[in-house]
Amino acid sequence: MVKAVFPGSFDPPTYGHLNIIERARSIFEEVYVVVAVNRDKNHLFTPEERCALLRELLAEYPNVAVQLCDTLIVDFARNHGCKVLVRGVRSVPDFSYEFELSIMNKGLNPAIETILIPTDPKYFVLRSSAIKELASFDGNLSGMVPPNVAAAIKKKMNEINMTT
Ligand code: ADP
């Protein structure tokens with residue numbers, strides 16, 4: 001039984017992420033979608049909020065679990081019996097970044113393999129940073145993020161506007 005981890009920031013989760021998760025869960029017996037607590041980034045949602053959104057979206061998938069992780073991803077994988085790290089790639093720059101990350105993770109734990117899944121062409125322009133920018137101008141997010149995520153972004157933007 002091969003278990004996989006799909007780590008990311010998911011700030012916010014998009015249809016691009018969901019597509020990778022659906023494909024990964026059809027290959028691997030179990031997939032842990034892991035919200036990596038990354039303190040460097042300027043996030044819109046807290047890690048707990050991102051986990052809650054993902055749990056709503058993935059509730060119907062019995063072989064997908066959502067978890068928070070504030071350790072190295074390779075350590076999370078080892079502790080949960082996962083041999084594979086799944087990552088998505090949209091473009092050549094994504095590939096260069098993911099390739100270097102995979103080499104680094106291989107150095108940290110040679111027993112864990114990274115598998116890259118190329119984006120579905122429908123989603124190759126979707127990135128969380130662009131979605132946040134679009135949301136700040138009240139742009140239409142349907143087609144990019146699921147309705148629960150669009151509603152959470154709208155609410156968050158209103159909160160931000162009220163405090164500034
Ligand atoms: P990180 O901050 O770790 O890059 P992200 O949440 O931005 O986390 O992305 C998590 C993973 O999902 C990455 O491997 C990223 O390349 C992939 N990904 C993000 N958007 C898409 C998309 N539209 N299609 C395919 N893969 C994607």
Side-chain angles (χ1 to χ4, degrees), residues 3-28 30-58 61 63-77 80 82-109 112-136 139-150 152-153 156:
K3 299 203 265 179
V5 178
F6 178 44
S9 305
F10 306 107
D11 187 49
T14 71
Y15 282 128
H17 294 129
L18 292 181
N19 176 257
I20 298 293
I21 294 165
E22 277 167 21
R23 290 156 71 193
R25 84 175 200 96
S26 73
I27 302 171
F28 302 105
E30 242 178 274
V31 177
Y32 287 94
V33 176
V34 168
V35 176
V37 179
N38 180 341
R39 290 169 222 287
D40 292 345
K41 287 195 178 177
N42 206 356
H43 291 303
L44 184 59
F45 292 104
T46 64
E48 291 76 14
E49 288 170 334
R50 285 176 259 151
C51 272
L53 288 169
L54 283 163
R55 286 198 178 113
E56 279 172 35
L57 292 166
L58 301 169
Y61 297 151
N63 65 335
V64 178
V66 179
Q67 299 253 335
L68 259 185
C69 169
D70 60 1
T71 63
L72 285 173
I73 290 297
V74 286
D75 291 344
F76 179 96
H80 290 79
C82 300
K83 270 213 291 237
V84 173
L85 294 184
V86 169
R87 296 280 289 175
V89 274
R90 284 160 293 206
S91 58
V92 172
D94 259 12
F95 177 77
S96 312
Y97 172 72
E98 296 295 344
F99 179 71
E100 282 183 20
L101 200 61
S102 75
I103 302 289
M104 195 181 75
N105 283 324
K106 190 80 177 158
L108 291 169
N109 186 339
I112 294 174
E113 299 292 352
T114 297
I115 291 189
L116 301 180
I117 301 186
T119 188
D120 183 307
K122 281 198 292 255
Y123 305 121
F124 90 106
V125 293
L126 288 190
R127 57 186 69 240
S128 299
S129 54
I131 287 168
K132 283 185 270 194
E133 172 116 29
L134 186 59
S136 72
N140 181 3
L141 301 179
S142 63
M144 299 184 182
V145 296
N148 70 326
V149 175
I153 294 175
K156 187 67 91 175

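Whatever order the structure lists them in is the order used to number ligands and atoms, beginning at 1.
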Which ligand 1 atoms does [X] reach within 4.0 Å, using its non-hydrogen atoms?
X: T119; result: 22 (C), 24 (N), 25 (C)
X: F10; result: 6 (O)
X: L126; result: 20 (N), 23 (N)

Considering distance alone, does some N or O of [X] sit under 3.5 Å from an N or O of ligand 1?
X: G8; value: no
X: R87; value: yes
X: H17; value: yes
X: E98; value: yes
X: I20; value: no

Quick one: does [X]'s side chain have a donor or acceptor within less than 3.5 Å of a partner on [Y]'s backbone?
X: D70; Y: V37; result: no
X: R87; Y: P7; result: yes
X: K3; Y: Y32; result: no

Is any side-chain heavy atom of [X] less than 4.5 Å from a side-chain heavy atom of [Y]?
X: P12; Y: H17; result: no
X: K106; Y: E113; result: yes
X: L101; Y: T114; result: no

field: salt bridge (charged side-chain N to carboxylate O under 4.0 Å, His left out) contacts in which one or both residues fall within residues 12-21, not counting sequence neighbours
entry: none
Answer side chain, backbone, both or neither: which part of [X] comes under 4.0 Å from ligand 1, heavy atoms only.
X: D94; result: side chain
X: D120; result: neither
X: Y15; result: neither
X: R127; result: neither

- line: Applying side-chain hydrogen bond (donor to acceptor under 3.5 Å, both in side chains) to Y61 and not counting sequence neighbours gives E22
query: Quick one: does F6 get within less than 4.0 Å of ligand 1, heavy atoms only?
result: yes
- prompt: Looking at NE2 of H43 and CD of E49, how far apart are the two atoms once the value is rounded to the nearest 0.5 Å?
  reply: 12.0 Å
task: Using heavy-atom distances, let me know which of R90, R50, M144 sits nearest atom 27 (C) of ligand 1.
output: R90
